[in-house]
K.L.:
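Have a look at this one before I ask anything.
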Amino acid sequence: MLSLQFIREHTDVVRKSLADRQTASGDAAIDEILRLDERRRALLAEVEALRAEQNAAGKQIGAAKDPVERQRLIDAMKSVSTRVDDLTPILGAIEGTLDGLVMEIPNIPDAATPYGKSEDANRVAKQHGEEYTDAWRKPHYVLGEALDIIDFERGVRLSGSRFYVLKGAGARLQRALIAFMLELHIDKHGYREMYLPAMVKEETMWHSGQLPKFRDNLYHDAEEDFWFVPTAEVPLTNMHGGEILEPGTLPLHYVAYTPCFRREKMSAGRDVRGIKRGHQFDKVEMYKFCEPERSADELEAMLEDALNVCRALDLRYRVIEICTGDLGFNAARTYDVEVWSSGLGEWLEVSSVSNCGEFQARRANIRFRREPGGKPEFPHTLNGSGLALPRTMIAVMENYQREDGSIDVPDVLLPFMGGIARIGADR
RNA sequence: GGAGGGGUCGCAUAGUGGCCGAGUGCGGGCGCCUGCUAAGCGCUUAUCCCGAGCUAAUCGGGAUCGAGGGUUCGAAUCCCUCCCCCUCCGCCA
């Protein structure tokens, strides 16, 4: 979130941010925030002055020996007490409203984020390999059913639309990808592996910025305060919630594999075919906490870490630089990574690598000290997929398919496949 | 799920209505002293918010004793609700 002080003192920057993000009601929201903030501070001054009076009187009353004098002082404070009781709920209500409004203001785009009105203005920053296909190439959902490694029908039987079952070598292929990605990030890229809760409390969703904006996209338990994570970014952000990290702690590089759950209400009817967009999917997520001045470099490094997965799998990829109009709520700067799938004949987003600046750290109240006794500062946080499994599966299946309908297993996955080098050939 | 115990300043503890934002010990920091990496002595030891100030040093005020409500002129202390931890029983991947 943004600090009230920042909104107050850099109102023009915030207004520009909202305009660049194509937020229609941005100005009205800022006006309301400024108005409430002014009222809040006026009321706060009054309440605090009264409290100071109470505190001072409290000491006198405590010290008063003469019962008559004592009673006189107590009676005198009753009106002050009443006034405080009157004002406090008003102040509380204003702070509540204000807090709610500020929570809905998105992060300020980084200066490096290009301006653009919508995703059409995103530009390809880097591309490795050209689009290609062949007449005989099939989409993964055809391959998957023919090889009996993806079962859509049974997924629907169990859970409804947007669910599927991976079977045999299909399930194993995904597990191999997960293991390969994790080990690459741990052993070669220096991340520390985390096994995380897939359900978190509501508060945690606010801290990482999923709430209130994306309430419609989240699943939660009807009876208890359990919310299903839509990405490991949520628990990872909160790993150090409320902490002040000691000098020498940063940077922290974490990697976690989790299932992710999304309602996908926004994309009803889109991408319904195949495994491209399900309510449940797996993802390996990278996450960093670092000093503010290092986050730009850390972002580039994280992008490379994601691309290294694509390279190791010999996938054709491109990097999309997200423009202001398409930037996510929490992000100041984002690269998307897409890989080419030769069966569907499209680029698939397998990763989104973002620098959130101090936006999430402020929400989750994560701070660090540069030196012992130093002033606490907010670290920057970064997150990136490394990678999302279903789309990586699609690309691998479609790009490694042979004309006879079998699928070669990429070399780097062989150690995890228990001797299966080709799916469908020796079944 | 049942019964009991407990949550106070980095750690350990003291504290049953005002002299407690909070004592003591340990740990950490600064300084003094001591003719040797010890002992001793003194000081210090959180975070956030509002205001003033050169968007400074700093100063004034407010808040925070698991969280939220309540009683009261006044709550770490009393009452209620919730959360978490520990012990035992039950159940269980």
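Chain letters run A, B, ... following the sequence lines, proteins first and then strands; every chain starts at 1.
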K.L.:
So that I can tick it off, tell me whether D27(A) and R15(A) are bridged by a salt bridge, with the cut-off set at under 4.0 angstrom between side-chain N and carboxylate O.
P.N.:
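Answer for the salt bridge query: yes.
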
K.L.:
Spell out protein contact along nucleotides 58-85 of chain B as letters: B when the base is contacted, S when just the sugar-phosphate is, - when no protein heavy atom is under 4.0 Å; keep the 5' to 3' order.
P.N.:
---BSS---------BS-----------

K.L.:
Taking for each residue the nucleotide of RNA chain B bearing the nearest heavy atom, is the 5' side occupied by Q5(A) or by P376(A)?
P.N.:
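Upstream on the strand: P376(A).
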
K.L.:
Please check this pair: side chain of R363(A) against backbone of W206(A), looking for a donor-acceptor N/O pair closer than 3.5 Å.
P.N.:
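Yes; judged by distance alone, with no hydrogens or angles, the pair exists.
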
K.L.:
Checking ring pair (Phe, Tyr, Trp, His ring centres under 6.0 Å) between H240(A) and each of F368(A), Y287(A), Y254(A), which is the one that passes?
P.N.:
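So, applying the ring pair (Phe, Tyr, Trp, His ring centres under 6.0 Å) to H240(A) and each of F368(A), Y287(A), Y254(A), only Y254(A) qualifies.
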
K.L.:
So H185(A) and H189(A), would you call those rings parallel, tilted or perpendicular, with 30° and 60° as cut-offs?
P.N.:
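Ring orientation of H185(A) relative to H189(A): tilted.
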
K.L.:
Tell me which donor-acceptor pairs under 3.5 Å the side chains of residues 163-172 of chain A have, and how far apart each pair is, sequence neighbours excluded?
P.N.:
from    : atom 1 : to      : atom 2 : distance (Å)
K167(A) : NZ     : D148(A) : OD1    : 3.0
K167(A) : NZ     : D151(A) : OD2    : 2.9
R172(A) : NE     : F416(A) : O      : 3.4

K.L.:
Which one is paired to rA63(B), where only Watson-Crick or G-U wobble pairs with both distances under 3.5 angstrom count?
P.N.:
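Answer to the pairing question: rU47(B), which forms a Watson-Crick or G-U pair with rA63(B).
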
K.L.:
Can a salt bridge be assigned to the pair E264(A) and R162(A) using a cut-off of 4.0 Å between side-chain N and carboxylate O?
P.N.:
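Here E264(A) does not pair with R162(A) in a salt bridge, since their nearest N and O are not under 4.0 Å apart.
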
K.L.:
Between D221(A) and E224(A) (side chain of the first, backbone of the second, donor and acceptor by atom type, cut-off under 3.5 Å), is there such a pair?
P.N.:
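Here the side-chain-to-backbone pair exists.
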
K.L.:
Within residues 365-372 of chain A, find the residues that approach RNA chain B with a heavy atom at under 4.0 Å, and present them sorted by residue number.
P.N.:
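Under 4.0 Å from RNA chain B: R367(A), R369(A).
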
K.L.:
Take atom P in rA76(B) and the same atom in rA63(B), then report the distance between them in whole Å.
P.N.:
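Rounded to whole Å, the distance is 10 Å.
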
